[in-house]
Visitor: 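Could you have a look at this structure, given as C-alpha cells, before my questions?
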Amino acid sequence: MQCARILNRSLPQSRAEIILFNSENHLVFSPLLAEVAGSSIHPLDIVVPLRQLLPEVYCRTEEVESIDFDRNELTFEADNGEAGKMVYDHLVLACGNVTNLSVVPGMADHALPLKTVGDAAALRSHLMEQMERAEVCTETEKRKSYLTFIIVGGGFSGAEAAGEINDLVRSSARYFRNFRSEDVKVMVIHSRDQILPEISPKLREFARRKMEKAGVKIVLNARVSLATPDGVGLQGGEFIRGSTIVCTVGNSATSLVQHLAASQEKGRLLTEPDMRLRGSANVWAIGDCALIINALDGQPSPTTGQFAERQGKQCADNILRVLESSPTKPFCFKQLGELCSIGGHSAVADLFGLHLSGFIAWFIWRGVYLFKLPTFARQLQVGFDWAWLLLFPRDLAHLRTRTTDRVSHAHYQAGDFIIRQGEPPTNFYVIEQGEVEMTRVTDKDPKGEVVAILGPGSFFGEKALLSDEPRVASVRARTAVEVLVLGKNVFTQISGALAPLRDALSQTLNRRALDIWKDRPEAHALLEGTLIKELMEPVPEPLLKPETTLREVAQAFVKDGQEFFYVSTDGQTLEGVITITDLIRGRSAGSGFSTAAIEFMTKSPVSLACDDTCAAAVAAIREYRLKSLPIVESKETRKLAGCLRVRRLMGYVFKHVEPKPPGG
Ligand SMILES: Cc1cc2nc3c(=O)[nH]c(=O)nc-3n(C[C@H](O)[C@H](O)[C@H](O)COP(=O)(O)OP(=O)(O)OC[C@H]3O[C@@H](n4cnc5c(N)ncnc54)[C@H](O)[C@@H]3O)c2cc1C
C-alpha cells in the first residue's frame with residue numbers, strides 16, 4: 001500500500017499505470033487484531049478499503065497465482081474463474097506470510113489463529129460461546145475447561161491476545177451466575193525462558209509480573225507438541241486441559257511465494273540490498289515475504305509492520321531511481337521503538353531508547369496506533385470505541401450466524417473421546433489414519449462393551465445422524481487419529497444422493513446394531529476376561545517387503561500355502577497385509593506382475609495389541625469380516641507380535657462354554 005501510494009504520488013498517470021493486486025479489497029491494521037478478539041473495538045474498524053485509500057491506483061481484488069519472471073508475466077484468477085494474464089515492467093512482491101498451523105499435530109484442527117480480521121472475529125465469537133457454555137454447564141470439569149484459555153506463543157501477538165482475553169473474560173464474569181472471575185484461567189505457553197524476547201530484559205520482567213498479577217499464568221521453556229479438542233500436550237508429556245487454544249506461532253510463505261523460481265531462506269525471498277529479488281532487474285520483494293538485510297546493522301529486517309511500511313516507501317523510491325537511471329540505495333532503517341499492550345490498561349514501550357511501562361506506556365501505545373491508523377474516519381471510529389469502553393462494559397453480544405456445514409479434518413490423541421454416548425448428533429466421521437474403538441454402556445455392562453474397532457477407511461457417527469437421536473455409543477481414539485469430519489447437512493445430502501454410500505451405511509447399521517451376545521452372555525464374559533496374548537499364534541513367516549513384486553507375492557501364496565502375509569520394511573513394524581483377495585484385486589485393477597506390494601496391499605490394517613481382550617478382537621473381526629487379525633506389541637509402535645485366528649477363538653469358546661441344548 002505504501003509503495004503504491006508513493007509511486008502514484010510521484011509518477012504522472014500518463015507515464016505509468018499502477019496496479020495493486022490483493023486477495024481482499026482492504027488493508028488490515030494487524031496491531032489491533034487482539035483488540036477485536038477482546039471485544040474492545042469492532043472488526044470493521046481495523047480494515048480500510050484499498051480503493052478508498054488509493055483512489056488513483058487500479059485496485060484489483062484478485063489472487064495472483066504464478067509469475068513467469070522470464071516473460072515478465074503474472075497469472076491471476078479472473079472473475080470467471082479462468083486464468084488471466086498480465087505483463088509488467090516492474091513487479092513488487094509484498095504478499096506477507098500465512099499462519100502455518102500444521103507444524104504441530106492437531107493444531108490446524110483445534111487451535112484458533114490470529115492473523116486475519118476473520119480470525120479475530122471468529123476468536124471473539126468463540127470466547128463469547130465459551131462463556132455462554134460455562135454459564136449453563138452442570139459438570140465442574142467441563143466448566144473449568146470452557147473457562148481455560150491457552151495461548152501458544154509469548155511474542156507480541158501472544159502477549160497482546162492473552163491480555164485482551166484475560167480482560168474480556170474476567171471483566172465479563174460479573175454478568176454470569178455460574179462462574180466468577182477467579183474461575184477463569186488464561187495461560188501463555190512459551191518455548192523460551194522469557195516472554196517478549198524482542199524487548200529489554202527489564203521491560204520483559206515487568207510485563208511478566210504485571211500479567212501474572214492480572215491472573216495470566218505464564219508457562220516458560222515449554223513446547224507444545226500436540227493439540228486436541230481437550231487441550232494441548234507439551235514435549236515431556238504434560239497435558240494442559242482447556243477448550244480454547246489460540247496459536248500465535250508458526251508462519252510460512254504464501255503459496256505464491258512457495259512456488260516462485262527464486263532463492264528463499266525459511267520461506268522468505270532473498271533480496272539484494274536495494275530490495276530487488278536476487279539476480280533480478282525489475283522484481284522487488286518487501287515486507288514479511290522478503291528477507292532484507294538492514295544496511296544499518298547488517299541484520300535481517302524483522303517481520304513487523306514498522307519495517308514493512310518503511311520498505312514499501314524505500315522500494316518505491318528505488319523504482320523511481322531506476323526509471324530515472326540513477327543508482328538505487330540499500331534498505332537502511334533505524335527502528336523507532338517497540339510497543340506491546342499487555343492488558344489491564346498496561347503496556348511496555350521501548351521508544352527511541354526510552355523504556356516505559358504501565359499505564360503511561362499503555363496511553364502512548366493507544367496514541368501511537370490511533371495516529372498510525374490509515375484514515376481519519378477509522379481513527380475517529382477506534383477513538384470513539386475506546387472512549388466508549390471507559391464508560392461502558394465490553395460488548396458481549398454473540399451473533400450466532402448459521403454457517404454452512406463444514407467438511408474438515410480433526411486430530412485426536414490416544415484416549416480422547418471423539419463422540420460420547422448420549423450427546424446430540426452433529427457430525428459424521430471417516431477415519432483417515434489410526435484406530436478408534438466404539439463402546440456402548442448398558443445397564444448390564446456399565447463399563448462399556450466394545451462394539452467395534454475401526455481403522456483407516458471406516459466411518460462412524462451415522463446412526464444418530466440418520467435417526468436424529470442422541471449417540472448410542474461412545475467412540476474413543478485407540479491411537480493418534482486423523483478423521484475427516486462431515487457436518488450433519490453435508491452428510492444427509494451425500495448419503496441421500498449416493499446409493500452405494502446408502503447401502504454401505506445400512507449394512508454397517510445392521511451389523512453394529514446386532515447384539516451377538518444376547519443369547520450367550522457367558523461367551524462374552526469369557527472373551528472379555530481373556531487377553532489376546534493367551535490365544536495368539538506366532539507371526540506367520542515369511543514377512544514380505546513393500547517392494548516385493550506381485551509375481552513374488554503370487555509365488556509365495558503357492559509355495560507357502562498361507563492365507564495371508566504381513567508386510568514390513570524392517571521385519572518388525574506392521575505396514576500392511578496381503579490376502580488372496582488383495583492379490584486378485586490388484587491384478588484386476590491392471591497391476592502388472594512387477595507392481596510393488598505397497599500398491600495393492602491393505603495399508604495400515606486394523607490391529608490389536610497383546611493386552612487387548614478377545615472381546616475387542618471379536619468386535620474388530622466382525623466389523624471387517626476377517627479370518628484373522630494381526631497382533632502388535634503396542635498400539636503406538638505397531639511392532640508385530642503374532643496373529644489371532646477366528647478358528648482359534650471359536651475353538652476356545654466351544655471348549656469353555658456349554659453348548660445350548662437342541663432347540664434352545
Ligand atoms: C496479531 C498481529 C499483531 C501485529 N502487531 C504488530 C505491531 O504491533 N507492530 C508491527 O510493527 N507489526 C505488527 N504485526 C506484524 C505486521 O502486521 C506485519 O509485519 C505486516 O502486516 C507485514 O506487511 P506486509 O505488507 O508484508 O504483509 P501483509 O500485511 O500480510 O499484507 C499482505 C497482503 O497480500 C495479500 N496477498 C497474499 N498473497 C497474495 C496473492 N497471491 N495475490 C494477491 N494478494 C495476496 C494478502 O491478502 C495481504 O492482504 C502484527 C501481526 C499480527 C498478525
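Start at 1 and go down the list; that is how both ligands and their atoms are numbered.
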Visitor: Just distances here: any N/O of Gln306 and N/O of ligand 1 closer than 3.5 Å?
Guide: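 N/O-N/O distance below 3.5 Å exists for this pair.
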Visitor: Residues in side-chain hydrogen bond (donor to acceptor under 3.5 Å, both in side chains) with His26, at least two apart?
Guide: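 In terms of side-chain hydrogen bond (donor to acceptor under 3.5 Å, both in side chains), with neighbours along the sequence ignored, His26 is linked to no residue.
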Visitor: Classify the angle between the aromatic ring planes of Phe76 and Phe21 as parallel (below 30°), tilted (30 to 60°) or perpendicular (above 60°).
Guide: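 It falls in the tilted class, 30° to 60°.
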Visitor: Is it the case that ligand 1 has an N or O less than 3.5 angstrom from some N or O of Tyr369?
Guide: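 Yes, Tyr369 has an N/O under 3.5 Å of an N/O on ligand 1.
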Visitor: Look at the aromatic rings of Trp386 and Trp365 and report parallel, tilted or perpendicular, splitting at 30° and 60°.
Guide: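 Trp386 vs Trp365 ring planes: tilted.
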Visitor: Return a yes/no value for Asn97: is any of its N or O atoms, backbone included, closer than 3.5 angstrom to an N or O of ligand 1?
Guide: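 By distance alone, the answer is no.
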Visitor: Do any N/O atoms on Thr254 end up under 3.5 angstrom from N/O atoms on ligand 1?
Guide: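 Min N/O separation from ligand 1 is not below 3.5 Å for Thr254.
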Visitor: Give yes or no for whether the N/O distance cutoff of 3.5 Å, strictly under, is met between Glu160 and ligand 1.
Guide: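 There is no such contact.
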Visitor: Are the charged groups of Glu309 and Lys372 less than 4.0 angstrom apart, N to O?
Guide: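 Judged by the 4.0 Å cut-off on N to carboxylate O distance, Glu309 and Lys372 do form a salt bridge.
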Visitor: Looking only at distances, please establish whether an N/O atom of ligand 1 is found under 3.5 Å from an N/O atom of Leu339.
Guide: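 For ligand 1, there is no N or O atom that lies under 3.5 Å from one belonging to Leu339.
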Visitor: Within a distance of under 4.0 Å, is there any protein heavy atom near atom 44 (N) of ligand 1?
Guide: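 Looking at atom 44 (N) of ligand 1, one finds that a protein heavy atom does lie closer than 4.0 Å.
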Visitor: Answer yes or no: does an N/O atom from Lys115 fall short of 3.5 Å to an N/O atom of ligand 1?
Guide: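 Between Lys115 and ligand 1 (N or O atoms, distance only) the closest approach is not under 3.5 Å.
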Visitor: Say whether Glu62 and ligand 1 are in contact under the criterion: heavy-atom distance to a ligand atom below 4.0 Å.
Guide: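 Under 4.0 Å: yes for Glu62.
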Visitor: Who passes side-chain contact (heavy atoms from CB on, under 4.5 Å) against Leu389, sequence neighbours left out?
Guide: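 Only Ser40, Arg394 meet the side-chain contact (heavy atoms from CB on, under 4.5 Å) criterion with Leu389.
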Visitor: Can you figure out which of Ala290, Ser66, Ala94, Cys95 has its heavy atom closest to atom 37 (C) of ligand 1?
Guide: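 Answer by nearest heavy atom: Cys95.
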Visitor: Are any of the N or O atoms of Leu33 closer than 3.5 Å to those of ligand 1?
Guide: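 No, Leu33 has no N/O under 3.5 Å of an N/O on ligand 1.
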Visitor: Could you tell me whether Pro31 approaches ligand 1 through its side chain, its backbone, both or neither, with non-hydrogen atoms closer than 4.0 Å?
Guide: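 The answer is both, backbone and side chain.
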Visitor: Ignoring hydrogens, just give me the one of Val28, Val64, Ile286 whose non-hydrogen atom is nearest atom 42 (N) of ligand 1.
Guide: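 Looking at heavy atoms only, the winner is Val64.
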